[in-house]
Amino acid sequence: MSDTDVSAFLMELELTQLDQITQDLQVRAEQQKAEKRHKPSFPPVFTDLDSMAESAGLDLTGLMKDIKRRS
């Protein structure tokens, strides 16, 4: 959806509808701010290498098999 589409959509709404959208957006913004305050800013702690690699989208098992085949 482009900016002109959004503008055209908003122009068709009544004032009460626009007020409701504004209130909803303010509530969502406040909720997101509250969630950010409660989330830790440090990375999660991993107890093993496999779970850390999985979270990064890496396949250590495949890599180890490839290394064994080549040696």
Novice: With sequence neighbours excluded, what pairs up with Arg28 under the salt bridge (charged side-chain N to carboxylate O under 4.0 Å, His left out) test?
Specialist: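 Salt bridge (charged side-chain N to carboxylate O under 4.0 Å, His left out) check on Arg28 returns nothing, list empty.
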Novice: Side chains of Thr22 and Leu25: does their closest heavy-atom pair fall under 4.5 Å?
Specialist: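 Side-chain contact under 4.5 Å: no.
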Novice: Applying side chain to side chain contact (heavy atoms under 4.5 Å, CB included), name anything that partners Glu14, two or more places apart in sequence or on another chain.
Specialist: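 Per chain and number, Glu14 pairs via side chain to side chain contact (heavy atoms under 4.5 Å, CB included) with Thr16, Gln17.
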Novice: Who are the side chain to side chain donor-acceptor pair (under 3.5 Å) partners of Gln20, not counting sequence neighbours?
Specialist: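 Listed in chain order: Asp24.
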Novice: With sequence neighbours left out, write down each residue that passes side chain to side chain contact (heavy atoms under 4.5 Å, CB included) with Arg69, or none if nothing qualifies.
Specialist: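 Side chain to side chain contact (heavy atoms under 4.5 Å, CB included) check on Arg69 returns Lys65, Asp66.
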Novice: If Ile, Leu, Val, Met, Phe, Trp and Tyr residues are connected whenever their side-chain heavy atoms lie under 4.5 Å apart, and connections chain through other members, are Ile21 and Met11 in the same group?
Specialist: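 In one cluster with Ile21: Met11, no.
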Novice: What residues form a side chain to side chain contact (heavy atoms under 4.5 Å, CB included) with Val27, not counting sequence neighbours?
Specialist: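 Val27 satisfies side chain to side chain contact (heavy atoms under 4.5 Å, CB included) with Gln31 once adjacent residues are dropped.
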Novice: Mind checking what makes side chain to side chain donor-acceptor pair (under 3.5 Å) contact with Ser7, not counting sequence neighbours?
Specialist: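 Ser7 satisfies side chain to side chain donor-acceptor pair (under 3.5 Å) with no residue once adjacent residues are dropped.
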